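We use all heavy atoms of the structure for the numbers below, so side chains are in, but hydrogens, waters and symmetry mates are not. Chain letters run A, B, ... following the sequence lines, proteins first and then strands; every chain starts at 1. Everything quoted here is computed from the prediction, not taken from an experiment.
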2 protein chains.
Amino acid sequence: MRGALPPRPTSRDVAERAGVSQATVSLVLRDRWHGRVSPARAEAVRAAARELGYRPNVAARTLRLGRSRTALVVVPALTNEFFARVHAGAVRVAAGDDVGVVLYTSPLETGPARDPFASAGATLDGVLASSMAAEALAVLSGEGLPLVMLDSEPGAGAAATVNPDIAAGMRLVARHLLSLGHRRFAHVAADVDSWTFRERARVLAAELAAVRGARLVGTRRAPIGVADGVLAAERALTAAERPTALVCDDDMLAVGAYKAARRLGLRVPDDVSVTGFDDLTVATAVEPELTTVRLPGEELGAAGMRALLAALRGESPGTTVLPVELVRRGSTAVPPGPAAPGTRE
Amino acid sequence: MRGALPPRPTSRDVAERAGVSQATVSLVLRDRWHGRVSPARAEAVRAAARELGYRPNVAARTLRLGRSRTALVVVPALTNEFFARVHAGAVRVAAGDDVGVVLYTSPLETGPARDPFASAGATLDGVLASSMAAEALAVLSGEGLPLVMLDSEPGAGAAATVNPDIAAGMRLVARHLLSLGHRRFAHVAADVDSWTFRERARVLAAELAAVRGARLVGTRRAPIGVADGVLAAERALTAAERPTALVCDDDMLAVGAYKAARRLGLRVPDDVSVTGFDDLTVATAVEPELTTVRLPGEELGAAGMRALLAALRGESPGTTVLPVELVRRGSTAVPPGPAAPGTRE
DNA sequence: CTGAAAGCGCTTACAG
DNA sequence: CTGAAAGCGCTTACAG
């Protein structure tokens, strides 16, 4: 694909210019020359490389070394801000260790994942995958590369798992709402078959079951997005038994819930409380600002990459759980009606 | 970095299993065998490859071929939804041509760009770069690789440029507001030194200059983001001469403007009209929904990649301009006060 | 129709 | 301290 470009200098060209052998060039440029090459020659090599604008051919190095210092990062979609943060964190840590990152966005919406390895265009040393649906996992682990999973079922055949504390996050949401006096909840759930969302549903149900009189009056599934969130929340809000709190699996769904409430003439939080998950930029863009669980996306990517790097060094990083935080803002309040708050917070 | 993994099969292993030479394996697997290898042997090779789970070593192929079928995509930041869309479009087109994409996010916020080629971890055939600040360009074009620029000054040493019609976009904004009767404008400008934002400022000034009585009462610069947008808009709104319209360079800045207005007790659009640029998800998340210019991010990335692919085939794709659209929503209205609309639309 | 051989650019034992 | 040589896995003239 490369046209009539000026031919790129090779290590041979550098060697010639510096008056040394190719071996010496390699030693010096890889910084393995101390005690093996005289300082004067080392300097000559560096000068020659600089003058020529020499850059080692990565393909040749990878072929020779059998490893590429490249990791594949797999996320469902980058247009989702959370995954963009995960990616940023992973890239930051990888760069610090001089490891490159190749990104693969698993096209969740466009059917089953195509082969991420075919499109990589690079030899890979390891894989970091986030929040994948169950089937996608099989493809990844089948490749035999060190694999670190993010926001996923622990111990599902990965060298390590790094998760935000999803259970704690949902527990904080439920207890916050319960302590405000809410008893009728609806769950606006992400219509995605993955551990992280199953976990949210499980914990919400468990927390409500533990409080007398508290109930889930409905669960509505929607693909993650504002428009689908509107539809799901609208149905939840117009059900026979109207909930006083809408627990949403994601901030985008929560924004949809705002819009649904508005359409129905309901005020947030006076008539209905709404909570999200993620703490995306949109959470503070809307009015009132959204009460949500802050998931440390950047840190998740960073910790995941650290675990992968450790696995590549032969260590066994195991499972890491990252703390999460409930950010209380204006979208939650005491429920309307005669009910007084049950517990105080 | 690879530990004690099962050794990956090579083309030699496939050849052995199929009872043919390595050359035949290569021919068959690259689909260059017609008329050169008998159908029976071709099938035997494919079967052997399948059974072994053979996957060609990309590094070796790249080294041999001198090209990698890999393009570098450079964007300022992926946490910005617009660039995530650009990336998605570029990846989509590249995948269709069996070209891989390596992503480099130029750390705008963390000082001068580090060398994107060092971190690439792959031999690159070409570069697609979006909305880069002027200095960043120099690094990219210096590499001697085919380069396509997106949303950038045309003819700045790139093989091709693909731009959304920024001038038309800003013209639509200005005329929309002018026809509503606005005469006092403030520009909440992105504090980024790049063509796309200079162009917005230029066209806004020109449009206002063309209408008697219309004026820019202030320009406030802010890094792209909600919090900085709030500050900038607050200053614009509290200046001696208060504008009736806030023209924002970006939807995030516009969201900041909403919040600033609210803090000051001003209603959008009754007291002040606000416009954005991009049409991000947030534009319809806020209330009232934002009047903004829809920039075709996905299509921009796709068209850019098409141009790069053409350049790599030796063609000269030149400059492409993509149409944009003004999306009128609830954030713009007739200005307050005695003023009657000037022109009708 | 098929195979043996050379070589892409690098790195690393190995010999001096 | 330094260099000649082998080889990573692939593809493509070239010879048969």
Side-chain angles (χ1 to χ4, degrees), chain A residues 1-2 5 7-45 48-49 52-70 98 117 121-125, chain B residues 1-2 5 7-45 48-49 52-70 117-118 121-125:
Chain A
M1 279 159 95
R2 189 178 288 164
L5 298 176
R8 215 172 121 156
T10 69
S11 68
R12 195 192 195 92
D13 298 326
V14 176
E16 218 164 90
R17 184 174 188 110
V20 301
S21 74
Q22 251 186 306
T24 303
V25 170
S26 177
L27 255 17
V28 171
L29 265 22
R30 303 206 69 199
D31 210 25
R32 279 161 166 49
W33 61 279
H34 298 276
R36 297 205 257 177
V37 177
S38 64
R41 304 196 112 194
E43 183 44 40
V45 168
L52 256 25
Y54 171 72
R55 213 180 275 286
N57 180 313
V58 178
R61 172 177 289 175
T62 297
L63 176 58
R64 175 61 233 245
L65 260 25
R67 53 201 157 73
S68 56
R69 301 200 71 75
T70 301
D98 200 29
F117 300 94
T123 300
L124 271 4
D125 289 343
Chain B
M1 281 160 92
R2 189 177 291 165
L5 298 175
R8 214 171 122 154
T10 68
S11 68
R12 196 191 195 91
D13 298 325
V14 176
E16 219 162 90
R17 183 172 187 111
V20 301
S21 75
Q22 251 186 306
T24 302
V25 171
S26 177
L27 254 17
V28 172
L29 265 23
R30 303 206 68 199
D31 210 27
R32 280 161 165 48
W33 62 278
H34 297 277
R36 296 204 257 176
V37 176
S38 64
R41 305 197 111 196
E43 184 44 39
V45 167
L52 257 25
Y54 171 71
R55 213 180 276 285
N57 180 313
V58 179
R61 172 178 290 176
T62 298
L63 176 59
R64 176 61 233 246
L65 260 24
R67 55 202 156 71
S68 55
R69 301 200 70 77
T70 301
F117 299 95
T123 300
L124 271 4
D125 289 343

Bracket string, DNA chain D, 5' to 3' - pairs by Watson-Crick or G-U geometry under 3.5 Å, | interstrand
|||.||||||||.|||
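Between A18(B) and A44(B) the shortest heavy-atom distance is CB-O, 3.8 Å. Nearest heavy-atom pair across L52(B) and P9(B) is O-CG, 3.5 Å. The two atoms that bring W33(A) and P39(A) nearest to each other are CZ3-CA, 3.8 Å, heavy atoms only. The two residues T10(A) and Y54(A) come nearest to each other via the heavy atoms C-CE1, 3.4 Å. Between D125(A) and R69(A), the closest heavy-atom pair is OD2-N, 2.6 Å.
The structure places CG of L29(B) at 11.5 Å from CZ of R55(B), a figure rounded to the nearest 0.5 Å. To the nearest 0.5 Å, atom CG of residue L63(A) and atom CZ of residue R61(B) are 13.0 Å apart.
Legend: residues meeting side chain to side chain contact (heavy atoms under 4.5 Å, CB included) with T24(A), ordered by chain and number and at least two apart, are V20(A), S21(A), V28(A), V37(A), V45(A).
A nucleotide of DNA chain C counts as in contact with chain A when one of its atoms lies under 4.0 Å from a heavy atom; the first and last such, 5' to 3', are dG9(C) to dT12(C).
For DNA chain D, the residues of residues 35-42 of chain A within the heavy-atom distance limit of 4.0 Å (strictly under) are G35(A), R36(A), V37(A), S38(A), R41(A), sorted by number.
Note on residues 12-21 of chain B: pairs passing salt bridge (Lys or Arg N to Asp or Glu O under 4.0 Å), not counting sequence neighbours, are R17(B)-E51(B). Residue pairs meeting the salt bridge (Lys or Arg N to Asp or Glu O under 4.0 Å) criterion with at least one member in residues 23-43 of chain A, sequence neighbours excluded: E43(A)-R46(A), E43(A)-R50(A).
Taking the nucleotide of DNA chain C with the nearest heavy atom to each of V25(A) and Q22(B), the more 5' of the two is matched to Q22(B).
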